Protein chains: 2
Amino acid sequence: MLCPGPRPRNAAATRTAILDAARERFAAESYDDVGMRDIARDVGVDAALISRYFGSKDDLFLAALDSCGDGSALMSGEKADFGRRVAHEIVFEPKKAEKLKGMSIMLRSIGSAKASEMVQNTCTQRFFGPLEDWLAGPDATVRARVLAGFLMGMSVSRELGGGSFDLEPAECERMRDRLAPILQGLIDG
Amino acid sequence: MLCPGPRPRNAAATRTAILDAARERFAAESYDDVGMRDIARDVGVDAALISRYFGSKDDLFLAALDSCGDGSALMSGEKADFGRRVAHEIVFEPKKAEKLKGMSIMLRSIGSAKASEMVQNTCTQRFFGPLEDWLAGPDATVRARVLAGFLMGMSVSRELGGGSFDLEPAECERMRDRLAPILQGLIDG
DNA sequence: GACGCTTGTCAACAGGCGTTGACAAAGCCA
DNA sequence: TGGCTTTGTCAACGCCTGTTGACAAGCGTC
């Protein structure tokens with residue numbers, strides 16, 4: 001992404017480049033571990049420019065979180081095979097499951113005091129809420145909480161394995177087969 | 001805990017006091033957010049003393065994690081009513097569920113680059129491993145991964161609600177009733 | 001009582017952080 | 001061409017962090 005020579009003067013492009021880089025960084029590292037200078041280096045720009053465009057680091061974090069949209073990627077597709085589909089993605093396509101980039105950002109920084117409040121607000125508004133509406137049926141609120149927690153928990157579990165579940169191929173299949181009915185049960189009500 | 005006057009000279013007591021304070025701090029805040037001076041203030045001691053007793057902040061963090069023991073608190077009691085018992089604790093007695101203080105510490109700091117490696121190692125050795133042995137039966141590894149992830153996910157979900165699930169009393173009961181069979185299913189194999 | 005080891009305090013260091021204001025250069029308009 | 005605004009860079013600030021070495025005081029031992 002980095003080109004030699006002076007950066008072309010284009011405020012809009014630079015701004016979105018900063019936002020993109022911030023989204024990637026915050027999805028990969030915690031709020032505290034991401035430095036303004038890191039993001040600036042990714043874009044090939046001076047860190048001072050970020051402050052001018054986005055205000056504070058908090059504002060940039062919020063903008064990055066906002067730019068991820070809601071959890072609609074999760075809620076697309078047929079409800080009938082949600083369990084099997086999502087279980088497959090969790091086990092075999094972690095990157096695809098990460099189309100919920102906002103969830104990655106939230107998980108990374110939920111422990112950070114400075115970021116946790118922003119994460120909580122965004123999560124309830126853009127994740128729990130839509131999920132609850134989409135689930136509908138009896139106990140939608142409860143099922144949304146459990147489902148969201150379950151998905152995040154599997155992410156944490158994978159993270160604790162160092163990026164994978166560290167299982168044999170045959171075990172992966174059996175894991176998928178165990179996850180699917182649990183997920184589907186929460187969908188069906 | 002703080003007493004006026006000079007601190008009595010007692011290395012062993014001071015050391016354990018520091019360790020206790022560190023355990024509490026790291027269970028409540030992330031590795032990055034906890035400062036040596038914070039812990040020192042809790043104990044009523046100078047921060048320099050911690051470095052002398054424990055070496056580096058990393059060493060202190062590891063010692064705090066070690067001092068939590070393994071997850072045996074989770075694995076005590078009858079397997080037959082594990083689901084109901086743990087579901088009840090998750091929903092109604094979050095503090096009791098936190099007897100797994102080690103899990104709180106791991107969850108707080110899993111996002112931090114400096115702490116994540118230590119967390120990963122400790123988790124696999126002292127949490128996944130014993131859990132797997134205890135579960136036994138078919139697919140013990142897989143079930144341990146899913147169960148551990150599920151428990152952590154519910155913790156995260158509660159955290160995102162700002163410390164509670166933010167549910168009506170009746171909803172809490174229904175949540176418990178939904179969690180119990182999922183948990184029990186993972187126990188029974 | 002004087003020595004020596006232990007226990008604790010204090011001040012300071014180097015390094016990193018987010019943020020700021022002054023400055024340079026590019027592009028636009030008259 | 002001359003001025004003005006926009007876009008980006010640079011150096012520096014103040015603050016906070018973990019860690020260190022020098023110093024003070026308690027305590028056992030000769």
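Keep in mind it's a predicted model, so treat the numbers as computed, not measured. Every chain is numbered from 1 and lettered A, B, ... according to where its sequence line falls, protein lines coming before strand lines.
- Of the residues in residues 15-22 of chain A, none lies under 4.0 Å from DNA chain D by heavy-atom distance.
- Side chains of Met103(B) and Cys68(B) form no contact here, defined as non-hydrogen atoms less than 4.5 Å apart.
- With respect to Asp177(B) and Arg174(B), no salt bridge is recorded, no charged nitrogen being found less than 4.0 Å from a carboxylate O.
- Contacts with DNA chain D (heavy atom under 4.0 Å) in residues 113-121 of chain A: none are found.
- Checked against dT19(D), dT9(D), dT19(C), the side chain of Ser56(B) finds its nearest nucleotide in dT19(D).
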Nucleotide N/O to protein N/O under 3.5 Å, stretch nucleotides 21-23 of chain C:
none

Polar atom pairs (N or O), protein with nucleotides 2-6 of chain C, under 3.5 Å:
from, atom 1, to, atom 2, distance (Å)
dT6(C), O2, Arg9(B), NH1, 3.3
dT6(C), O2, Arg9(B), NH2, 2.3

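- A salt bridge between Glu159(B) and Arg108(B) is present, with a side-chain N of the basic residue lying under 4.0 Å from a carboxylate O of the acidic one.
- The two residues Met106(A) and Cys123(A) come nearest to each other via the heavy atoms SD-CB, 3.5 Å.
- Taking the side chain as every heavy atom from C-beta outward, Leu107(A) and Ile110(B) never approach each other to under 4.5 Å.
- Evaluation of the side chain to side chain contact (heavy atoms under 4.5 Å, CB included) rule for Ile182(B) yields Ile182(A), Phe150(B) as partners, not counting sequence neighbours.
- Within the cation-pi definition used here (under 6.0 Å to the ring centroid, within 45° of the axis), Arg25(A) does not qualify as a partner of Phe61(A).
- Rounded to a whole Å, the CG atom of Asn10(A) is 16 Å from the P atom of dA26(C).
- Nucleotides of DNA chain D nearest to Asp46(A) and Gly35(B) differ in position, and the one nearer the 5' end is that of Asp46(A).
- Here the closest heavy-atom approach between residue Ile90(A) and residue Phe165(A) is recorded as O-CE1, 3.6 Å.
- Salt-bridge check for Arg85(B) with Asp81(B): passed, with a basic side-chain N closer than 4.0 Å to an acidic carboxylate O.
- Out of dG8(C), dG18(D), dC10(C), the shortest distance to the side chain of Tyr53(B) is found at dG8(C).
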Nucleotides 12-14 of chain D: which of its N/O atoms have a protein N/O under 3.5 Å away?
none

